Amino acid sequence: MEVYKFGGASVVNAAAIKNMAGIIRASAPEKLLVVVSAIGKTTNKLEELAYAYINGEERATTILEEIKAAHFQIIAELFDNPTHPVINDVANTFVEIEWLLEEEASDSPEYIYDQIVSVGELLSTRIIAAYLQEDGVKAVWADARNYIKTDNNYREGIVDWEETKSEIVQHLVPLLQMSIVVTQGFIGGTSENFTTTLGREGSDYSAAIFCSCLDARALTIWKDVPGVLNADPKWFDQTQMIPQLSYHDAIELTYYGATVIHPKTIKPLQNKNIPLYVRSFIQPEGAGTVIDQKTSPLPVPSFIFKVDQVLISILPKDFSFIIEENLSHIFNLFHQHKVKVNTMLNSALSFSVSVDQDKDKISQLIQALSADYKVKYNEGLELVTIRYYNQDTINRVSTNKNILLEVKSRNTCQMVMRDKSASE
C-alpha cells in the first residue's frame with residue numbers, strides 16, 4: 001500500500017493531468033491511494049469568492065463563473081464525449097456553492113469559508129478520477145470527508161485520530177483492495193457531516209494522515225522541484241538538492257517555514273516510520289529526496305526566507321520584569337487571536353516575536369496586549385532561518401541588511417532583518 005500526493009501545480013491544466021496519469025500508469029504500486037489538491041490556484045479564487053460572499057459583494061457570482069469556466073475548459077480538453085458523466089458530476093458539485101450564494105451570509109465566517117473553499121478538491125478529484133478511468137486506469141473516486149474526521153474548529157480542523165482510523169480501516173481499505181482510489185487533500189468532515197479544512201496547504205497533511213492510518217509502505221509527494229532543495233529557487237540562483245533528510249531535520253525546516261512540505265506532515269509518518277519521498281512530476285524518473293529515520297547532518301546549509309514579517313516587542317508598563325506569569329498571559333493572547341510565532345527572544349525587560357503579517361489579527365492582538373503592556377512593532381521585515389549555519393552563510397544573507405533580532409542555537413540561526421535603505 002502506498003500513497004501519492006499531487007499538488008495544484010501538478011494538475012494545473014489538461015496537459016498536467018495527462019502527465020499525472022502517465023506517472024500513475026508507469027509507477028503505481030499494486031495498491032495506491034492518490035490524494036489530490038485543487039487545480040492550480042483554484043483555492044485562492046475560492047477564498048476570494050468566500051470573502052466576497054461574506055462581505056455581501058455582488059462580484060461573488062462573477063468569481064464563481066470564472067472558476068466554473070476554467071474547470072469546464074479542462075474537461076473539454078480531456079474528454080471527447082460532450083455528454084460525459086463527469087460534466088454532471090462537476091456541475092452538481094458547483095451547485096453546493098450556488099445554493100449558498102442565493103442566501104445572505106448568516107453563519108460564522110470560518111464555517112462559510114470551509115464550505116466554499118473545500119469545493120476545489122472535490123472538483124479536481126472528480127475530473128481526475130474520471131480521466132484515469134478514461135485512460136484505462138482502474139480508479140474510483142472517494143470523498144475524504146467520510147474518512148478524515150475532525151472537530152468543528154473550522155479552517156484548522158483538529159483530527160479525531162481514533163474515529164479517522166476506524167473509518168479508513170472499515171471503509172477505505174476494501175476499496176483499495178479492488179482499485180486505485182482518488183481522494184481529496186485539505187478537507188475533512190465533522191460528526192454532523194459539515195465540511196472542515198485542515199489549514200492552508202494542508203493536502204500534504206491529509207496524505208500523511210491516510211498513510212498513518214493505512215500503515216502504508218511509503219508516501220510520495222510530487223512537486224515541481226527535483227526534491228528538497230537547500231533554498232527556494234526564487235531567492236537563490238544556485239540551489240542544491242538534498243538526497244536524504246532525517247525526520248528531525250525535515251520537521252525543523254518545515255517549522256521554520258520551508259514550503260516544500262506542510263509542517264504537520266512529518267510527525268504522523270515518523271511515528272509509523274513511513275518514508276516520505278519528494279519527487280518531480282516534471283522529471284519523474286529522478287530519485288528525488290527521501291525523508292526517513294536515518295540521522296545525519298545536512299550536507300549543505302539550508303536557507304528559509306519568510307517575508308512580510310512583523311516584529312512585536314512587548315515590555316512591562318511598570319517596574320516589573322517579563323516573568324513566567326507574564327509569558328503565560330502573553331502566549332494565551334497569541335493563542336486567542338490565532339497568531340503563530342515564527343521566532344522569539346526573551347529578556348528580563350522585553351519579549352520580542354516575529355509573526356506573519358495579517359492586518360486584522362495583528363492589530364487586534366496589539367490592542368489586546370496594549371491593555372497590560374507597552375507594545376512596539378515594526379512591519380515589512382523578513383525572517384531568514386539558516387539550518388547548519390556558519391559565519392559565511394550569515395554574511396551571505398545579511399549584506400546591506402539591518403538585523404533587528406538574532407537568535408542562535410547549536411544548528412540554527414534566525415535573523416529578522418530589513419534593507420538598510422528602508423531604515424534610512
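Since we're looking at a predicted model, the values are computed, not measured.
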* Asked: Would the number of heavy atoms belonging to other residues, nucleotides or ligands and lying under 6.0 Å from CD of Glu77 be above 12?
  -> yes
Do the charged groups of Glu98 and Lys68 touch, with an N to O distance under 4.0 Å?
yes
Only one of Lys338, Lys340, Arg200 passes salt bridge (Lys or Arg N to Asp or Glu O under 4.0 Å) with Glu156, and that residue is Lys340
**Asked** Would you call Lys306 and Asp232 a salt bridge, taking side-chain N to carboxylate O under 4.0 Å as the test?
**Response** no
Query raised in the report: Charged N to carboxylate O under 4.0 angstrom, Glu162 versus Lys165?
Result: no
Aromatic Phe303 / basic Arg387 pairing, under 6.0 angstrom, 45° off normal | no
Query raised in the report: Is the gap between the ring centers of Phe194 and Tyr111 under 6.0 Å?
Result: yes
message: Between Thr289 (side chain only) and Val228 (backbone N and O only), is there a donor and an acceptor less than 3.5 Å apart?
response: yes
query: Do Phe305 and Phe236 have their ring centres less than 6.0 Å from each other?
result: yes
Inset, instruction - Mind telling me whether Trp222 and Tyr4 have parallel, tilted or perpendicular rings, with 30° and 60° as the class edges? - result: perpendicular
With a 3.5 Å distance limit and no angle check, can you tell me whether Asn92 reaches the backbone of Asn88 through a side-chain donor-acceptor pair? yes
Between Val3 and the options Leu276, Leu32, Leu219, Ile274, the side chain to side chain contact (heavy atoms under 4.5 Å, CB included) test singles out Leu219
_Atom OH of Tyr377 with >12 non-hydrogen neighbours under 6.0 angstrom_ = no
Validation row: Ile74, Val11 side chains within 4.5 angstrom (heavy atoms): no
Result for side chain to side chain contact (heavy atoms under 4.5 Å, CB included) between Ile127 and one of Asp89, Val36, Thr93, Ile75 points to Ile75
Does CE in Met344 sit with more than 12 non-hydrogen atoms of other residues, nucleotides or ligands closer than 6.0 Å?
no
- Item | Lys/Arg N to Asp/Glu carboxylate O, Arg217 vs Glu2, below 4.0 Å | yes
(request) Name the orientation class of the two ring planes belonging to His84 and Phe79 (parallel below 30°, tilted from 30 to 60°, perpendicular beyond 60°). (result) tilted
(request) Answer yes or no: is there a donor N or O on one side and an acceptor on the other, between the side chain of Thr183 and the main chain of Ala142, under 3.5 Å? (result) yes
On a heavy-atom basis, the closest approach of Ala38 and Thr43 is CB-OG1, 3.5 Å
Using a cut-off of 6.0 Å, state whether more than 12 heavy atoms not belonging to Lys272 lie near its atom NZ. yes
Is the CG atom of Asn81 crowded by more than 12 outside heavy atoms at less than 6.0 Å? yes
May I ask you to say whether Arg279 pairs ionically with Glu285, meaning some side-chain N is under 4.0 Å from a carboxylate O?
no
Note to self: So Pro109 and Tyr154, do their side chains get closer than 4.5 Å, heavy atoms only?
What the structure shows: no
Can you find a pair of side-chain heavy atoms, one from Glu382 and one from Arg418, that are under 4.5 Å apart? no
Requested in this report: Look at the aromatic rings of Tyr113 and Tyr51 and report parallel, tilted or perpendicular, splitting at 30° and 60°.
Outcome: tilted
